[in-house]
Amino acid sequence: MTKLYIYNSLGNQKEEFIPIDSSHVRIYACGPTVYSYAHIGNARMAVVNDLLTKIIKKIYPKVTYVSNITDIDDKIIKTSQDLNVPFKQITRKFEKIYNEDMINLGVIKPDIQPRATEYISDMIKLIQKLIKNNNAYEKDKHVLFHVPSFQKYGELSGRNREEQIIGSRVEVAPFKKDPTDFVLWKPSANNVPGWDSPWGYGRPGWHLECSAMSEKTLDIPFDIHSGGVDLIFPHHENEIAQSCAAHKNNNPKSFAKYWVHNGFVIVDGEKMSKSQGNIRLVNDLIKSYDGEVLRLTLISAHYRQPLNWTISAINQSKNILDKFYRTLKELEKIEIPDKIDIPEKVFNALCDDMNTPQALAELNKIIKNLNTASKDEKIFIKSSIIGAGNILGIFQKNPNEWLNYGRSEILDDKTVNKLINERNKARKNKDFKKADEIREKLKNKGIEIEDKENETIWRSI
RNA sequence: GGCUCGAUGGCAGAGUGGUUAUGUAGGGGCCUGCAAAGCCUUGCACAGCGGUUCGAUUCCGCUUCGAGCCUCCA
C-alpha cells in the first residue's frame, strides 16, 4: 500500500498518515461562514481538502469527509440587520452559491455538510459537560470556557497563556475569570437570532460549532482536522480545549490526530482584505476563467506555501492547460481502458504531503516524448493525463471544446470551411499571397488555422 | 513584544549533503511556401555572514528581508 505523508501542525512535522481505523478514515475541514460570496482563499481550502480526500480515497476503502457550513455568527447577524432580511435567507443563499462555485472548481461536495444551526442542542450538551467538568462557568448570561482549566492549552499553536496575555491587544471583558477565557454561549437580544438554553435565550460562540459537529458526525478521535492557517489560533486551539475537556482527556489527539493547514492566498503580493479592496471572489473569477484554470492556479504552489494570486499566474495556468489539451487532441484517436489509474510517480508526489508542483512536473515528464512514442506509450501518456487529471480535478473537458476547435461565434462553419478550401486551392496553385490573405482574414475574425498533413483544422482564439 | 512559516534562475515553483527538477518568458535551431502547433538546444539559481563537513543551496547559529497569527478572517 502506498504510504501517505502529511505535515501535522500538531508537532510541526511531516508524518506518515496512519489512520485510527483503516477501514474508515474520517476527515473534518472547517468550512465557510456563509454571509457573503466565497473568495479565492475559501476556494483554496476547499480544493486542498478535496484533493486530500481524493488521495485518501485512493488508498483506503471508506472515507468520510465532513465540511461544515457555519450559518450562525455575528457577521451573519450584522449582514442580516444591514439588509433587513432574515438571517436564514442570507445563509441559505450564500451556502448555495458556495456549493455551486466549488462545483465549478471541481470540488466534490463533502459527504456530510452539517449546518451549525442544526446542531444547537449538541452544542448545549457539550457546554453542560464542560460546566460539569469544571472547565466552564456561567457569568452574566454568558458561558465561558476557563482556559487555565485545560492543561494542554496552546499545544497546537505553540503559545503559552502568559505570553499571550502580555501581548494581547484586546480588552478583556469584565465577566472573564481569566483574560484568555472564551465564550461558549452568549445572550441574544430579542430581535437577534437565538435559541433557548439553560442560560437563557442566546447563541453559541465561535469555535463551539466545530467541536459539536465533528464529534456528532465523525465521532472522536477522528483522523484529520483541517482548515486555513489563520484558524490555528484561536479557533482550532479552542476546539481542542473544548472537545478534549468535555471528555476529561488532556491529550489533543483525543480529538483529532492530524492537523492540516493550508497557506494563505495573497493578491499581487498583498494580503487580501476588504480595506485593500482586493478580495477575489470565485463567483466573479468564474465569469472570466474556466474553473480548471482557477483550480490549477490554486494547486500550482504547495498547499502550505503562500499563494500569490496574480493575472500572470492565472494566464500561465491557462497556457499549461492548453498545452495538455493539445496533447489530448493529438491523442484523440488513441483508445484508453475504461478503468485508468493515476501514474505512480504522480501519485507518489501527491502522497508526499500533497506535493502538487512535483506531481505536475512528473506529468510533464511523461508527455515529453509524445512524438517518438509507440502506440502503447501513447496509451500510457493519454491514460496518465486523464488519470492524473481525475484526481487533480483538471483535464476533465473535451479537448476540442476546450481549444474551441471547429467553433466560432463570429462565423458559421460553412463560411469558415469555404474560406479554408479557397486557401488550400490557392496554396496548391502556389498563390501564397492569396492564401496568406485568407489566413489573415480568418485571424481577424478570431480564427486560427493549423495546417496538418492532410487537413487544415481551425479554432477560435 | 510573543508565536509560526518562509527567502531558489527574468517570472512561477519543487527538491537535494556531492550528479543542480518542472513550467513559463527570452536567445538559437528544426519543421512549415509562410504561419500556427510541436520538437531540439541554451541559460554558471539557491538572501548575507559565520560554523559543522573532504564537500552545503541542502544541517546548525546569527543577521537582513518577507508572509501569517496573537482582534473577525480560509
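In the text below, chain A, chain B and the rest are named by the order of the sequence lines, each starting its count at 1.
Spacing of C1' atoms, B:U22 relative to B:U8, comes out at 13 Å, to the nearest Å. Across the P atoms, B:A36 and B:C30 are found 15 Å apart, a figure rounded to whole Å.
A side-chain N or O of A:T117 and one of A:D71 form a donor-acceptor pair less than 3.5 Å apart.
As rounded to whole Å, 20 Å separates atom P of B:C31 from atom CG of A:L370. As rounded to whole Å, 13 Å separates atom C1' of B:A14 from atom CG of A:L350. A straight line from CG of A:N355 to C1' of B:U22 spans 11 Å, rounded to a whole angstrom. Distance, A:K271 NZ to B:C72 P: 12 Å, rounded to whole Å. Whole-Å rounding puts the A:W309 CH2 to B:A67 C1' distance at 18 Å. The distance between atom CG of A:D268 and atom C1' of B:G66, rounded to the nearest whole Å, is 16 Å. Rounded to an integer number of Å, the gap from A:E330 CD to B:A37 C1' is 8 Å. Straight-line distance from the CZ atom of A:F324 to the P atom of B:U22: 13 Å, rounded to whole Å.
Residues A:H236 and A:H261 place their aromatic rings such that the two centres sit under 6.0 Å apart. Ring centroids of A:Y35 and A:F94 are separated by 6.0 Å or more, keeping the two rings apart.
Among the protein residues, A:V48 comes within range of no part of the nucleic acid, since none of its heavy atoms lies under 4.0 Å from any strand. As judged by a 4.0 angstrom heavy-atom cut-off over every strand, A:G154 is placed among residues making no nucleic acid contact. Across all strands shown, A:D451 has heavy atoms under 4.0 Å from base atoms, whether or not it also approaches the sugar-phosphate.
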Check nucleotides 38-43 of chain B for protein N or O atoms closer than 3.5 Å to its own N or O atoms and list the pairs.
none

Interface polar pairs with nucleotides 58-62 of chain B, N/O, under 3.5 angstrom:
none

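By the side-chain contact (heavy atoms from CB on, under 4.5 Å) test, A:E100 pairs with A:K96, sequence neighbours left out. For A:T356, the side chain to side chain donor-acceptor pair (under 3.5 Å) test picks out no residue, with sequence neighbours left out.
You'll find a donor-acceptor pair under 3.5 Å spanning the side chain of A:D436 and the base of B:G33, going by distance alone. The base of B:C70 has none of its N or O atoms less than 3.5 Å from a complementary donor or acceptor on the side chain of A:D230.
Relative ring orientation between A:F145 and A:F150 is described as perpendicular, the plane-to-plane angle rising above 60° on a 0-90° scale split at 30° and 60°. Ring geometry for A:F395 versus A:Y325: interplanar angle over 60°, hence perpendicular rather than tilted (30 to 60°). Note: A:F233 and A:Y153 have perpendicular aromatic rings, judged against thresholds of 30 and 60 degrees for the angle between ring planes. Note on ring orientation: taking the six-membered ring where Trp is involved, the planes of A:F175 and A:H142 are parallel (angle under 30°, cut-offs 30° and 60°). Taking the six-membered ring where the residue is Trp, A:Y258 and A:F17 present tilted rings, their angle falling between 30° and 60°.
For the residue pair A:C30 and A:C210, the shortest heavy atom distance occurs at SG-SG, 3.7 Å.
Comment: A:K3 does not engage A:D352 in a salt bridge, judged by the lack of any side-chain N to carboxylate O separation of less than 4.0 angstrom. Here A:K441 does not pair with A:D436 in a salt bridge; the nearest charged N to carboxylate O distance is not below 4.0 Å.
Using a 4.5 Å cut-off on side-chain heavy atoms (C-beta onward), A:P357 and A:I299 make no contact.
Seen from the ring of A:Y289, A:K318 does not count as a face-on cation partner, given the 6.0 Å and 45° thresholds.
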If you write RNA chain B from 5' to 3' in dot-bracket form, with Watson-Crick or G-U pairs under 3.5 Å, [ ] for crossing pairs and | for pairs with another strand, what do you get? (((((((..(((.....[...))).(((((.......)))))....(((((..]....))))))))))))....

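Note on A:N364: every side-chain N or O is 4.0 Å or more away from OP1 and OP2 of B:U22.
Of the candidates B:A36, B:A74, B:A21, the closest approach to any side-chain atom of A:F264 belongs to B:A74.
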Which letters describe nucleotides 4-13 of chain B, given B = protein heavy atom under 4.0 Å from base, S = only from sugar-phosphate, - = neither? SS-------S

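When each of A:R423 and A:K365 is assigned the nucleotide of RNA chain B bearing its nearest heavy atom, the one mapping closer to the 5' terminus is A:K365.
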